[in-house]
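Remember, predicted model here, so these are calculated numbers, not experimental data.
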Amino acid sequence: NRMIEGAPVNVKDYGAVGDGVTDDITAFNLATAYASITSSTLIVPAGIYGISSSWNLLSNIKVQCAGTIKFLAGASGGHVVGIYNASTSLSNINWEGGTVDANNVAGQNAFGVGGFFGAVTGAKVSNVTCKNAQWDNSIFGGKGFTVQHDCFDIQVSNIRIEDCSIGLSVESTNLKSVNNVNIGNVIVDNCDKFGFYGVYSYVGGIEDPDKLSCIVTNITLNNCADSYTNQGVINLDRMNGLIMNDVFIRSSARVAPLRGTATNSSITFHVDAPEIEDIVNLDSSGGIPVGDVNLVPSNLIITATARASTQIYGELITFDATKVPINCRFDIRYETPTGPTVGLFTTGMNNTSTYKIQDVVTGKIIEGSCDNDPSFSSQYYKQFYDTQVIASSLLVQDAGSETRLQPLKGELKLKDNSGGTRLITSTTGVIVDGAVQINVSGPQIYSGTGIPSFSAIDGSIFMRTDGGANSLYIRESGAWVAK
């Protein structure tokens with residue numbers, strides 16, 4: 001009598017136990033098949049439901065989950081829960097609530113939406129927690145929530161992802177489309193490889209801008225990629241057609257916020273960490289794995305706000321020097337006590353790209369069109385830091401090479417091409433107001449208080465700063481002579 005078309009279907013009516021030990025996959029598959037035929041709501045009540053293989057949903061079904069779906073040890077299938085079918089297209093699927101636990105089984109995703117062989121259209125997923133997905137140390141699995149391959153009109157909202165290798169991923173590979181995908185209100189915690197992973201494959205160099213269209217809004221990435229700082233909290237592998245708004249990156253460790261290659265995309269993010277490694281890194285070696293690395297970043301708008309309580313390392317914007325960004329816009333505001341440790345760009349940019357950089361601490365702004373002048377970084381530091389040499393640091397350009405040095409308070413060290421070091425200090429080694437010594441070969445210039453009595457090379461000059469009777473002395477025949 002309960003098998004009435006449209007009436008709710010409960011997995012326990014089909015034999016599910018929900019004790020976390022029993023394998024409930026057969027009961028889930030039977031209940032899913034009937035709910036799909038009758039276009040019914042499938043109820044998963046409170047409990048922990050162990051399954052030994054992937055639970056794949058079918059069309060015309062709404063799942064209301066109050067329990068936890070958990071992979072048993074040794075389970076396989078690629079994902080715990082999937083809106084996926086290997087032979088036919090799926091549509092009109094709605095999932096709400098519950099927890100999906102991959103149980104740290106290697107190579108498995110927690111929740112997957114993907115039309116590998118048949119398209120998925122019109123799916124909605126909301127209010128679910130995904131956790132404990134671990135990759136297999138090659139290229140498979142480990143994603144808390146993933147949207148992949150021939151997905152259309154997909155809505156994902158209010159998702160929490162915890163303790164996975166990769167948090168959220170959007171993937172359009174093998175020229176499969178991902179179109180009109182909207183993802184919002186996502187919290188990702190403690191995903192050690194990437195917080196967000198996006199890939200769009202350019203197979204054989206073929207580009208089709210209609211293959212991917214995805215909007216991600218209001219996503220928080222907490223303590224992600226701490227052990228993979230060189231690959232980025234946000235990792236993009238040949239991405240195309242991505243819009244990310246209001247991305248918040250928070251970490252208690254050193255992180256690289258954005259790494260990888262992309263075109264025809266717009267990304268806005270905020271990062272707050274003690275140490276930041278490159279605010280924007282468009283190096284083509286950022287993906288896992290990297291296939292067609294010949295992608296040149298183009299038609300990008302990147303807006304970033306970065307706050308490092310200790311230091312920013314590397315460049316504010318960096319990229320592969322052989323793949324200079326084209327038609328890109330960079331708008332970056334940063335805040336750090338000592339300023340970045342190196343330059344603005346690793347090399348000159350194509351003059352079709354523009355930038356606006358603001359130092360929040362000083363309030364200074366530099367903006368304009370990028371060019372191929374190798375001294376651009378030097379010009380940037382000259383404008384920003386000429387008055388802050390001691391408070392921050394100094395970029396020295398010598399015969400076309402740039403060296404960024406971090407002095408201690410009260411001293412300045414400059415390294416020349418021969419490897420020598422010139423030290424500005426007083427003759428006693430103690431910095432006092434007005435005391436300067438420049439160590440070079442030949443006569444030197446000094447300043448300080450009192451009458452000079454130290455040894456120096458003939459021709460050297462001493463400028464007295466304490467208002468004595470004589471203010472200028474020149475070293476002649478081994479003695480200081482007042483002038």
Side-chain angles (χ1 to χ4, degrees), residues 9-37 40 42-90 93-95 97-120 123 125 128-151 161-166 169 171:
V9 176
N10 193 313
V11 294
K12 288 203 169 184
D13 291 338
Y14 289 81
V17 178
D19 61 0
V21 178
T22 303
D23 184 1
D24 288 324
I25 189 60
T26 299
F28 272 66
N29 287 337
L30 289 171
T32 300
Y34 185 78
S36 175
I37 293 172
S40 300
L42 180 59
I43 304 297
V44 182
I48 299 175
Y49 299 87
I51 58 177
S52 60
S53 60
S54 299
W55 176 27
N56 292 314
L57 304 182
L58 299 175
S59 295
N60 304 316
I61 189 173
K62 178 178 181 180
V63 178
Q64 290 184 345
C65 183
T68 296
I69 316 301
K70 182 178 180 179
F71 250 0
L72 297 172
S76 63
H79 46 262
V80 183
V81 175
I83 301 177
Y84 162 84
N85 192 294
S87 59
T88 186
S89 297
L90 300 174
I93 299 174
N94 191 329
W95 174 291
T99 297
V100 178
D101 184 356
N103 196 25
N104 296 315
V105 178
Q108 308 301 313
N109 299 320
F111 202 120
V113 181
F116 288 85
F117 300 98
V120 175
V125 181
V128 61
T129 296
C130 304
K131 63 182 183 180
N132 299 327
Q134 299 299 318
W135 76 319
D136 63 355
N137 293 316
S138 60
I139 62 174
F140 298 108
K143 298 155 190 172
F145 194 101
T146 181
V147 178
Q148 304 178 1
H149 319 295
D150 277 355
C151 294
I161 302 169
E162 302 172 351
D163 302 317
C164 299
S165 293
I166 300 170
S169 82
E171 306 175 35

Is any side-chain heavy atom of [Y] closer than 4.5 Å to one of [X]?
X    : Y    : answer
Y14  : N29  : no
T99  : K131 : yes
D101 : I69  : no
I51  : V80  : yes
T68  : Y49  : no
D19  : I48  : no
F145 : N109 : no
V125 : F111 : yes

Look up atom [atom1] in [X] and atom [atom2] in [Y], then write down how far apart they are to the nearest 0.5 Å.
X   : Y    : atom1 : atom2 : result
T32 : L42  : OG1   : CG    : 5.0 Å
Q64 : N94  : CD    : CG    : 8.5 Å
L90 : D150 : CG    : CG    : 11.5 Å
F28 : L57  : CZ    : CG    : 10.5 Å

> Out of V11, N10, D13, V9, which one pairs with I43 under the side chain to side chain contact (heavy atoms under 4.5 Å, CB included) rule?
Replying inline: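 Result: among V11, N10, D13, V9, N10 is the only option passing the side chain to side chain contact (heavy atoms under 4.5 Å, CB included) with I43.
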Looking only at heavy atoms, which two atoms of [X] and [Y] are closest? And how far apart?
X    : Y    : answer
G144 : A133 : N-CB, 4.3 Å
G114 : C151 : CA-SG, 3.8 Å
G142 : C164 : O-CB, 3.8 Å

Ignoring hydrogens and geometry, is there a side-chain-to-backbone donor-acceptor pair from [X] to [Y] under 3.5 Å?
X    : Y    : answer
S36  : S59  : yes
Q108 : G78  : yes
W95  : G97  : yes
D24  : A27  : no
S165 : W135 : yes

>> Which residue is it: E171, Q134, H79? I am looking for the one with a side-chain hydrogen bond (donor to acceptor under 3.5 Å, both in side chains) to K143.
In response: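 Single pass found, and it is E171.
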> Do N103 and N132 have side-chain N/O donor and acceptor atoms under 3.5 Å apart?
Replying inline: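 Checked: N103/N132 side chains show no N/O donor-acceptor pair below 3.5 Å.
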>> Regarding D23 and S52, do their side chains bring together a donor and an acceptor under 3.5 Å, going by distance alone?
In response: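 Checked: D23/S52 side chains pair up, N/O donor to acceptor below 3.5 Å.
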>> Run the side-chain contact (heavy atoms from CB on, under 4.5 Å) test on Y84 and V113 for me, step by step, so that the C-alpha distance in whole Å, both residues' side-chain angles and the decisive distance to 0.1 Å come before the verdict.
In response: CA-CA 6 Å; Y84 162 84; V113 181; over 6 Å; no
